[in-house]
Amino acid sequence: MTTKKGATELEKADTPMGVVFGRVTLEHIDSGFDFFKTYCVKNNIVIITDYPDDKLIGTADIPNLIVVNPNGIEIRGQVTNIEGMDSDVFEIIICGISYPFFEEEFPHQVKYIMTNSKTSNDDR
């Protein structure tokens with residue numbers, strides 16, 4: 001059984017790389033640092049950054065982390081990780097989302113990069 005732990009808009013992207021990321025709003029979790037650290041230790045997930053005094057953590061790939069869009073379709077990449085700190089924000093990063101799924105799921109990001117690319121080329 002999967003339990004929802006948070007939400008994100010995946011509001012940022014590196015379109016050519018098939019990467020989306022965004023702020024995570026955690027639900028019913030007092031300390032994201034404690035939650036993610038406990039989860040990673042329990043599930044043998046590599047912790048890349050760990051500063052307990054600052055409550056800052058960065059993880060390697062979390063293979064069992066499931067991210068779905070509002071229609072329940074899973075957004076899957078090659079790597080999904082979390083980074084952040086209790087006194088600021090936590091972000092989720094999904095890397096290596098394949099095409100054409102990326103283009104279908106994030107058309108606004110593709111349009112943005114195409115618009116910026118065209119503008120850049122017109123300036124030459």
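Sequence positions, counted from 1, serve as the residue numbers for this chain.
F90 has its side chain within reach of I57: a pair of non-hydrogen atoms, C-beta onward, lies under 4.5 Å apart. Proximity of D14 to P16: side-chain heavy atoms (C-beta onward) are separated by under 4.5 Å at one or more points. A 4.5 Å side-chain heavy-atom check between F35 and D30 finds every atom pair outside the cut-off. Side-chain atoms of L65 and N81, non-hydrogen and from C-beta on, never get closer than 4.5 Å to each other. Contact of the E9 side chain with the R23 side chain is not registered, since no non-hydrogen atoms from C-beta on lie closer than 4.5 Å. For the pair I75 and E105, the minimum side-chain heavy-atom distance is below 4.5 Å. Between Q78 and D61 the shortest side-chain heavy-atom distance does not fall below 4.5 Å. Side-chain contact between T80 and I92 is present, with at least one heavy-atom pair separated by less than 4.5 Å.
Taking both residues in full, the closest heavy atoms of C40 and I47 are given as CB-CG1, 3.7 Å, listed atom of the first, atom of the second, then distance. Shown here for Q109 and L10, the closest heavy-atom pair between the two residues is NE2-O, 4.4 Å. Of all heavy-atom pairs between K4 and A7, the closest is CE-CB, 4.4 Å. Closest of all the heavy-atom pairs between M85 and D54 is CE-O, 3.4 Å.
Linking ILVMFWY side-chain heavy atoms closer than 4.5 Å, directly or via other members, places I62 and V19 in two distinct hydrophobic clusters. One hydrophobic cluster holds both M17 and F21 under the rule that ILVMFWY side chains link at heavy-atom gaps under 4.5 Å. The same ILVMFWY cluster, assembled from side-chain heavy atoms under 4.5 Å apart, contains both I94 and I73. Connection of I45 to V79 is not established within any shared hydrophobic cluster, with ILVMFWY side chains joined at heavy-atom distances below 4.5 Å, either directly or through further cluster members. Under the 4.5 Å side-chain heavy-atom criterion for grouping Ile, Leu, Val, Met, Phe, Trp and Tyr, I48 is not connected to V41 through any hydrophobic cluster.
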Step by step, work out the side chain to side chain contact (heavy atoms under 4.5 Å, CB included) result for L26 and F36. CA-CA 11 Å; L26 299 171; F36 290 121; 3.9 Å; yes
Verdict with supporting geometry, K37 and D50, side chain to side chain contact (heavy atoms under 4.5 Å, CB included): CA-CA 8 Å; K37 182 158 185 178; D50 182 7; 2.8 Å; yes
Do T59 and Y39 pass the side chain to side chain contact (heavy atoms under 4.5 Å, CB included) test, and can you show the C-alpha distance, the side-chain angles, and the key distance before you say yes or no? CA-CA 10 Å; T59 74; Y39 180 87; over 6 Å; no
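Ring-centre distance between F102 and Y99: below the 6.0 Å cut-off.
With rounding to the nearest 0.5 angstrom, the CD1 atom of I29 is 5.5 Å from the NZ atom of K5. Atom-to-atom distance recorded for T15:OG1 and H108:NE2 is 8.5 Å, nearest 0.5 angstrom.
D86 contributes no side-chain N or O that, together with a main-chain N or O of S31, makes up a donor-acceptor pair within less than 3.5 Å. A donor-acceptor contact shorter than 3.5 Å links the side chain of N69 to the backbone of N71.
Screening residues 91-101 for salt bridge (charged side-chain N to carboxylate O under 4.0 Å, His left out) gives K12-E91 as the qualifying pairs, with residues at least two apart or on separate chains.
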